[in-house]
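Quick caveat, the model's predicted, so the values are computed rather than measured. Every chain is numbered from 1, with letters handed out A, B, ... down the list of sequences. Every heavy atom of this structure was used, including side-chain atoms; hydrogens, water molecules and symmetry mates were not.
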Number of protein chains: 2
Amino acid sequence: MFIIGKHMTDCSQSTKERILAAAGDIFGREGFKAATIRGIAKAANANIAAINYHFQGKEGLYAAVLENVFHQGFTRFPSKLGIEESAPPEQQLRAFIKGMFYRLLSRDGWGGLSGQGRLIARELLEPTPAFERILDKYIKPHKDRLVSILVAMMGKDIGPRYLLPCAISIIGQCIYYALAGPVITKIAVEDSPIEDNLDRLAEFVWLFSLGGIERIRLETTHTVDNTPLPH
Amino acid sequence: MFIIGKHMTDCSQSTKERILAAAGDIFGREGFKAATIRGIAKAANANIAAINYHFQGKEGLYAAVLENVFHQGFTRFPSKLGIEESAPPEQQLRAFIKGMFYRLLSRDGWGGLSGQGRLIARELLEPTPAFERILDKYIKPHKDRLVSILVAMMGKDIGPRYLLPCAISIIGQCIYYALAGPVITKIAVEDSPIEDNLDRLAEFVWLFSLGGIERIRLETTHTVDNTPLPH
DNA sequence: AAAGGAATAAAACAAATGTTTCAATTCTGC
DNA sequence: GCAGAATTGAAACATTTGTTTTATTCCTTT
């Protein structure tokens with residue numbers, strides 16, 4: 001055992017790293033405004049001044065946390081995780097959805113209910129200025145990948161008028177589990193988005209979406225130059 | 001023009017009502033912690049003391065707002081809005097989804113992005129003690145209605161193992177539009193959940209869900225006593 | 001080993017905020 | 001019209017919180 005300082009803190013991480021990790025958790029749990037730098041400092045076994053020293057204040061810390069969280073998440077679970085370009089698009093979609101569930105909800109990812117996954121939900125609800133960068137760097141490429149899979153499944157003639165809602169419906173199902181975890185647990189405890197259920201839930205969302213996509217595809221090819229959606 | 005007091009406020013509402021309305025908007029936009037009673041008082045043309053007088057503090061106000069918002073929302077757009085019991089379950093589902101979109105996103109409802117709809121999203125993300133009551137009184141009956149429609153569509157043999165995920169997928173799509181409105185607008189402006197798009201989006205989610213439900217139904221009836229979900 | 005910079009600790013500061021207090025005003029029942 | 005209750009207005013209070021300051025400790029370089 002090594003003695004680093006007068007406090008026996010975790011030697012494997014620097015103060016800056018400890019602050020980032022603790023801040024991700026606390027910002028996620030409590031939101032930007034409700035989180036306090038005192039609480040974060042305490043959780044990170046660090047001093048208040050260290051936060052302002054390394055991150056120039058609360059906002060700077062938040063921006064760094066956001067970048068860190070997304071970088072970690074998409075590094076451990078990339079958009080193309082387990083996707084082989086040669087595989088049929090249905091299987092690519094399957095891997096995409098599974099990737100989303102694990103990125104959002106697994107302990108190795110953003111930790112869903114108790115962790116940094118809620119940070120993402122919060123940004124969806126009320127984007128902060130720091131989120132603009134995240135959108136361009138992570139979210140849009142991620143969406144583009146899903147759209148390209150959908151194009152492979154539905155044909156090139158599908159316009160964005162149907163493609164994008166499809167993408168939204170698929171992503172929406174995944175994110176809803178991360179968002180509404182607490183309530184889902186209260187209403188349907190068997191489907192609580194905990195580690196043990198991720199595979200089953202991802203598989204379900206995949207099948208459900210396959211059906212939905214097929215239904216939309218049929219709808220758009222059958223009604224050629226009629227009203228796009230039935231009234 | 002009538003002179004009510006020294007301030008020329010809206011005569012049609014009592015102070016208590018004005019506070020409730022303003023608080024719903026501000027709590028929704030900023031969240032419980034970030035919202036300030038001073039800001040709410042100003043927006044309601046009321047005094048700080050009036051809030052504490054009528055609602056016994058910030059928490060009391062929040063509980064009252066939550067009850068008020070859900071009561072209003074489910075009064076104007078009941079669960080069974082436009083649903084005839086005699087209609088085929090597919091059409092009942094259609095009305096159910098349309099009702100959700102309008103309740104969550106229309107100006108007459110919770111106002112989506114700019115209004116009280118975000119309050120609901122916040123409660124899903126981090127339920128407050130005041131939400132327990134709301135769950136029992138509004139959410140669970142609402143869910144039960146959807147489940148009964150799904151039973152009518154998929155047959156009585158479908159167990160909760162498939163029923164509830166179906167319900168979650170459907171509700172998830174709807175709520176995601178209310179949650180992620182700001183980001184959707186940035187990524188797919190054509191599908192921004194604004195008043196003009198509600199009918200089209202609801203119709204899309206309905207069709208998509210019809211396909212999803214059918215796919216799940218097939219899956220569960222074909223693989224009788226096999227593994228419930230394909231590996 | 002010494003010096004200089006980097007990092008941390010502790011206290012102080014100023015602004016924001018929920019709550020309380022008390023006087024002034026308005027409303028209601030008689 | 002009046003008395004008492006209900007409501008509102010304005011100020012004061014105590015706490016929390018982000019930031020800054022100053023001194024001390026740790027680490028690297030020479």
Grab the [atom1]-[atom2] distance between [X] and [N] for me, whole Å please.
X: B:K16; N: D:dA6; atom1: NZ; atom2: C1'; result: 12 Å
X: B:Q13; N: D:dT8; atom1: CD; atom2: C1'; result: 18 Å
X: B:I19; N: C:dG18; atom1: CD1; atom2: P; result: 14 Å
X: B:F55; N: C:dG18; atom1: CZ; atom2: C1'; result: 16 Å
X: B:I40; N: C:dT19; atom1: CD1; atom2: P; result: 11 Å
X: B:I51; N: C:dT20; atom1: CD1; atom2: P; result: 14 Å
X: B:N45; N: D:dG9; atom1: CG; atom2: C1'; result: 13 Å
X: A:N47; N: C:dA9; atom1: CG; atom2: P; result: 5 Å

Run the side chain to side chain donor-acceptor pair (under 3.5 Å) test against [X] and tell me which residues pass, sequence neighbours left out.
X: B:R38; value: none
X: B:H54; value: none
X: B:K16; value: none
X: A:N52; value: none

Under 4.0 Å between a side-chain N/O of B:H54 and OP1 or OP2 of D:dA6, yes or no?
->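 No, because none of the side-chain N or O atoms of B:H54 sits under 4.0 Å from OP1 or OP2 of D:dA6.
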I'd like a list of close polar pairs between nucleotides 18-21 of chain D and the protein, N/O only, cut-off under 3.5 Å.
unit_1, atom_1, unit_2, atom_2, d
D:dG18, OP1, A:A35, O, 3.2
D:dG18, OP1, A:K58, NZ, 2.8
D:dG18, OP2, A:I37, N, 3.0
D:dG18, N7, A:R38, NH1, 2.8
D:dG18, O6, A:R38, NH2, 3.0
D:dT19, OP2, A:K58, N, 2.9

Ignoring hydrogens and angles, tell me if any N or O in the side chain of B:R18 forms a donor-acceptor pair with the backbone of B:A44 under 3.5 Å.
->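 Yes.
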Which pairs would a plain distance check flag for residues 143-151 of chain B, meaning a side-chain donor or acceptor within less than 3.5 Å of a matching protein atom at least two apart in sequence or in another chain?
unit_1, atom_1, unit_2, atom_2, d
B:R145, NH2, B:E85, OE2, 3.4
B:S148, OG, B:R145, O, 2.8

